[in-house]
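From a predicted model like this one, the values you see are computed outputs, not experimental measurements.
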Amino acid sequence: MKISIIIPLFNTEKFIARALESCIKQTYSNIEIIVVDDKSEDKSIEIVKQFCQTDERIHLIENDSNLGPFVCRNKGAIYANRGGGRF
C-alpha cells in the first residue's frame, strides 16, 4: 500500500529540507512525497529540486500563481490518485 505525503510549499526555505528529510527517514518506505509549490519567492523550490534528484519518490508540482494551501493540497491529492497513492 502506497502512502502519499502532500506538502504545500510557500517561502519555507528554512524548513523544507528538514521536512523532506523527516519524510524520507520514515521506516515505512512505500511512500511518495508530493510537494506543491505555490509560487515561492525564496530558494524553497531549488531545495526541493535537489531532493528530487536524489530520491525518485519526491515529486514537485509548480503553480503558475499563488493559489493558497487549500488548492495546493487538492492538486497534490489529484496527483496522488493518478500515481497510485491510496492514503
Side-chain angles (χ1 to χ4, degrees):
M1 166 175 41
K2 183 186 268 186
I3 304 293
S4 300
I5 302 168
I6 301 168
I7 303 175
L9 179 72
F10 181 72
N11 293 343
T12 58
E13 70 179 305
K14 292 181 181 179
F15 309 105
I16 189 61
R18 185 170 155 199
L20 290 172
E21 288 169 2
S22 176
C23 294
I24 292 167
K25 291 180 181 179
Q26 296 299 310
T27 56
Y28 188 76
S29 61
N30 192 13
I31 62 170
E32 65 178 347
I33 304 164
I34 303 164
V35 180
V36 185
D37 178 60
D38 202 21
K39 205 66 174 167
S40 292
E41 299 169 345
D42 63 359
K43 295 183 181 187
S44 301
I45 197 162
E46 287 86 10
I47 295 168
V48 174
K49 286 179 180 179
Q50 289 175 353
F51 275 87
C52 287
Q53 291 176 357
T54 59
D55 194 323
E56 63 186 25
R57 300 175 298 173
I58 301 173
H59 309 279
L60 176 63
I61 300 170
E62 297 180 57
N63 289 343
D64 294 327
S65 61
N66 186 281
L67 303 171
F70 178 77
V71 174
C72 290
R73 287 185 189 99
N74 282 341
K75 281 183 145 185
I78 291 167
Y79 184 89
N81 287 333
R82 291 181 184 159
R86 294 197 52 205
F87 298 102

So do [Y] and [X] actually touch side chain to side chain, heavy atoms under 4.5 Å?
X   : Y   : value
F51 : I24 : yes
R57 : S29 : yes
K75 : L67 : yes
R73 : P8  : yes

As an exercise, state the distance from [atom1] of [X] to [atom2] of [Y], rounded to the nearest 0.5 Å.
X   : Y   : atom1 : atom2 : answer
I45 : D38 : CD1   : CG    : 10.5 Å
D55 : I33 : CG    : CD1   : 6.0 Å
C72 : D37 : SG    : CG    : 7.5 Å
I61 : I78 : CD1   : CD1   : 9.0 Å
T12 : I47 : OG1   : CD1   : 7.5 Å

Give a yes or no on whether the backbone of C52 and the side-chain of E56 come within a donor-acceptor separation of less than 3.5 Å.
no
What is the minimum heavy-atom distance between [X] and [Y], and which atoms define it?
X   : Y   : value
N11 : E41 : OD1-N, 2.5 Å
I16 : S44 : CG2-O, 4.3 Å
I5  : I31 : CD1-CD1, 4.0 Å
I34 : A80 : CD1-CB, 3.6 Å
S4  : E32 : OG-OE2, 2.6 Å
K39 : N66 : CB-N, 3.9 Å

Other residues, nucleotides, ligands: >12 heavy atoms within 6.0 Å of E21 CD
yes
More than 12 heavy atoms of other residues, nucleotides or ligands under 6.0 Å from CZ of F70: is that the case?
no
Mind checking side chain to side chain contact (heavy atoms under 4.5 Å, CB included) for K43 and listing every partner two or more places apart, or none if nothing turns up?
E13, E46
With hydrophobic residues grouped by side-chain heavy-atom distances under 4.5 Å, do V35 and I3 end up in a single group?
yes
